[in-house]
Protein chains: 2
Amino acid sequence: MAAAAAVSISTASKALNDTGRMGSETRERVKRIAAEIGYRPNALARGLLSKRSFTIGLLTNDTYGRFTLPVMAGISDALVDHGVSVFLCAIEDDPALAQIHVDAMLDKQVDGIIATGKRLDRRLPVDLSNLHVPVVYAFTEGTQNSVSFRSDDEQGARLAVEWLVKIGRRRIAHITGPEDFFSVRERAGAYHEVAGHREPVLYGVWSESWGHEAVEQLWKRPGEKPDALFCGNDQIARGAVDALREHGVKVPQDVSVIGFDNWEIVAAQTRPPLTTVDMELKELGRQAGLTVLALAEGRPVEPGVRKLPCRLIVRQSCGGKAPTE
Amino acid sequence: MAAAAAVSISTASKALNDTGRMGSETRERVKRIAAEIGYRPNALARGLLSKRSFTIGLLTNDTYGRFTLPVMAGISDALVDHGVSVFLCAIEDDPALAQIHVDAMLDKQVDGIIATGKRLDRRLPVDLSNLHVPVVYAFTEGTQNSVSFRSDDEQGARLAVEWLVKIGRRRIAHITGPEDFFSVRERAGAYHEVAGHREPVLYGVWSESWGHEAVEQLWKRPGEKPDALFCGNDQIARGAVDALREHGVKVPQDVSVIGFDNWEIVAAQTRPPLTTVDMELKELGRQAGLTVLALAEGRPVEPGVRKLPCRLIVRQSCGGKAPTE
DNA sequence: GTGACCTGAGAAAAGCTTTTACCAATCTCT
DNA sequence: AGAGATTGGTAAAAGCTTTTCTCAGGTCAC
């Protein structure tokens with residue numbers, strides 16, 4: 001630093017880091033002068049020596065940011081206290097682009113990498129398994145012996161269906177996304193388990209229009225109609241609510257509708273606002289961040305898949321009362 | 001590098017950088033061995049010397065990511081070719097957090113900072129005016145003598161209203177957000193200019209429910225109804241479309257509705273999909289990225305506000321034909 | 001054959017910080 | 001008072017690149 005503080009370069013360092021031996025008045029003086037001139041140590045130089053850059057990389061292929069943003073917020077939230085900054089790298093399922101970003105991050109000596117995606121059962125289009133920095137997977141499929149975090153979709157779905165049962169619904173239908181999604185199968189499994197097989201599962205796509213169409217199909221069928229819809233995501237739920245309204249069916253009086261994801265922009269703007277399942281992605285990001293930090297510091301972390309519980313967000317599309325917490 | 005390539009450390013450097021004098025067969029051999037052992041120079045050490053970290057910081061207070069994500073995508077897209085990585089720092093209108101992030105970035109010797117927000121007429125809660133690194137503002141209010149990029153909302157609004165006029169609409173109403181937003185006033189100004197003053201401007205909030213309510217108000221009034229609605233954003237437009245449907249008014253046959261923002265998740269999922277104005281945020285990010293890079297490299301950049309043109313996205317909520325491009 | 005020149009490569013410094021080793025001066029105890 | 005311990009501080013090395021300087025050996029010309 002400005003050894004212009006009339007002291008040697010090493011004394012300055014020790015003063016600012018509260019290490020070494022020196023007179024307390026010297027230490028104080030150095031600190032004061034450092035503060036005055038606004039001295040801040042160069043993290044590059046420090047990193048060169050300490051082998052820690054206090055930097056991690058976040059790799060994502062989720063362009064919408066639906067999943068990445070909350071995860072990122074959690075990571076950043078957890079790591080900012082430790083002085084760690086985050087490189088965000090959006091690779092759009094482009095292996096070449098991904099490799100460029102990974103190389104750039106490695107050159108910059110990131111302390112670790114968090115890989116995140118938009119789907120639990122897909123890998124990012126780049127191999128991170130043999131890097132010399134720790135890698136943690138969040139909301140995307142990890143590799144053998146890696147640490148990965150994911151939401152517990154089964155528990156989330158159970159939460160939703162149990163809620164519907166609890167408020168007295170019995171004929172619960174499930175409208176959801178494409179069956180090749182792992183989450184879809186998990187959620188459907190929990191649905192079957194809790195609700196029994198009274199109603200079929202309608203697989204489709206993740207859009208409002210599918211939710212709309214699914215309701216058309218259900219209401220076109222003869223016989224008793226469902227008194228509740230458990231939807232695979234909020235967009236489907238929203239389409240369903242719209243369709244119900246057009247049929248003159250009242251939500252939540254006649255039919256309860258529950259979504260999944262708690263995507264505020266969809267869930268809160270639906271009329272009525274959607275009761276839905278929140279995957280706690282921010283918390284997921286927080287844990288992923290702390291984990292990659294632990295690995296970077298050489299602390300041991302058990303490999304494996306960690307499932308984080310979902311939380312039920314009660315709004316008005318189901319009726320019933322919010323649980324007293 | 002592994003001078004284990006049987007050559008001195010300086011020769012290795014010169015070989016890999018194609019500088020200095022040396023026998024071509026030595027150069028080739030070093031390069032080959034470097035490639036074999038997967039050597040990559042340490043960017044920290046290089047940065048220490050060259051005063052360039054090939055790293056920039058992106059500061060944002062937009063938690064939804066509605067504006068930040070496209071901007072970020074543009075920046076990243078523009079800079080990845082130059083080997084620059086981006087620190088994403090989400091500060092949630094928290095001055096203390098913002099300062100922490102800025103300090104962390106400066107410590108890490110970022111080559112520049114891009115500030116971005118969710119509102120053109122608001123500053124970030126941190127002062128970036130006297131940093132020793134270049135700062136560029138994108139979609140947020142800049143400081144004196146700074147470089148800032150913003151969308152041309154006036155031109156965008158003009159585009160929208162002119163389109164409505166072109167397809168034969170005459171009684172065009174404007175439902176928009178809070179009047180204290182600069183963009184709202186600019187858009188309303190352009191609306192008045194192009195449409196004349198036949199219909200009032202309805203100021204409200206940026207939500208679907210306001211769009212819904214505004215239509216109620218309009219249709220409750222005696223006299224001729226509007227034949228077109230220019231909405232301040234896509235959410236308002238969506239609410240309006242829903243309300244019109246409930247009134248039995250057909251979109252686009254009876255009334256054309258046009259939005260603003262081109263927020264895919266809203267605009268494309270509305271029935272019918274919204275014709276809307278795109279602010280070209282990705283391009284805005286791209287230019288901001290290239291500009292901060294230019295400043296970092298010492299190239300001169302004229303200070304001032306750069307307005308980028310918006311683009312009309314024609315879907316089905318207005319009728320009319322897509323312009324032949 | 002010898003001085004001028006060129007070539008290929010290595011030595012060293014710089015960039016900034018932290019850490020270890022070290023030295024001179026003061027203190028302590030008998 | 002003098003040996004040994006303590007104190008307050010400095011010098012130097014290490015971490016990894018790049019750049020500039022230097023040098024040994026060879027080539028060319030006269």
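Here the structure is a predicted model, which means the values were calculated and not measured. Chain naming here is simple, since letters A, B, ... match the order of the sequence lines and numbering starts at 1 in each.
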Sub-3.5 Å pairs of nitrogen or oxygen atoms, protein against nucleotides 19-28 of chain D:
none

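Proximity of B/Tyr39 to the phosphate of D/dC16: no side-chain N or O atom is located under 4.0 Å from OP1 or OP2.
Contact check for B/Lys282 versus B/Val71: no side-chain heavy atoms found under the 4.5 Å cut-off. Contact of the A/Thr140 side chain with the A/Arg123 side chain is not registered, since no non-hydrogen atoms from C-beta on lie closer than 4.5 Å.
Atom CG in A/Asn42 sits roughly 6 Å away from atom C1' in C/dC16 (whole-Å rounding). The nearest whole Å value for the distance from the CZ atom in A/Arg52 to the C1' atom in D/dA14 is 19 Å. At whole-Å resolution of the value, CG in B/Leu48 and C1' in C/dG15 are 4 Å apart. Between the CG atom of B/Leu44 and the P atom of C/dT17 there is a distance of 13 Å, rounded to whole Å. Taking atom CG of residue B/Leu106 and atom P of nucleotide C/dC16, one finds them 16 Å apart after rounding to whole Å. Rounded to whole angstrom, the span from the CZ atom of B/Arg29 across to the P atom of C/dG8 amounts to 14 Å. Taking atom CZ of residue A/Arg27 and atom P of nucleotide D/dT7, one finds them 13 Å apart after rounding to whole Å. Distance A/Lys51 NZ to C/dT17 P: 18 Å, rounded to the nearest Å.
Within the structure, every pair that satisfies the salt bridge (charged side-chain N to carboxylate O under 4.0 Å, His left out) test and touches residues 61-85 of chain B, not counting sequence neighbours, is listed here: B/Asp77-B/Arg286.
In this structure, B/Lys31 pairs ionically with B/Asp18, as a charged nitrogen and a carboxylate oxygen lie closer than 4.0 Å. Contact check on B/Arg122 versus B/Glu141 returns no salt bridge, with no Lys/Arg side-chain nitrogen under 4.0 Å from an Asp/Glu carboxylate oxygen. Ion pair A/Arg150/A/Asp121 not flagged as a salt bridge, since none of the NZ, NE, NH1 or NH2 atoms sits closer than 4.0 Å to an Asp/Glu carboxylate oxygen. By the 4.0 Å N-to-carboxylate-O rule, A/Asp180 lies close enough to A/Arg119 to be salt-bridged with it. Using a 4.0 Å cut-off between a side-chain N of Lys or Arg and a carboxylate O of Asp or Glu, A/Glu36 and A/Arg32 qualify as a salt bridge.
In the helix from C/dG1-D/dC30 to C/dT30-D/dA1, the rotation axis of the first five pairs and that of the last five pairs differ in direction by 60°, rounded to 10 degrees.
Within the nucleic acid shown, B/Arg40 comes within 4.0 Å of sugar-phosphate atoms alone, with no base atom in reach, counting heavy atoms only.
Side-chain atoms of B/Glu25 lie closest to C/dA9 of the nucleotides D/dT10, C/dG15, C/dA9.
In this structure, B/Ser24 and A/Ala43 both approach DNA chain C, and ranking their closest nucleotides by distance from the 5' end singles out B/Ser24.
With hydrogens and angles ignored, the 3.5 Å screen pairs a side-chain donor or acceptor of A/Thr291 with a backbone N or O of A/Gln287.
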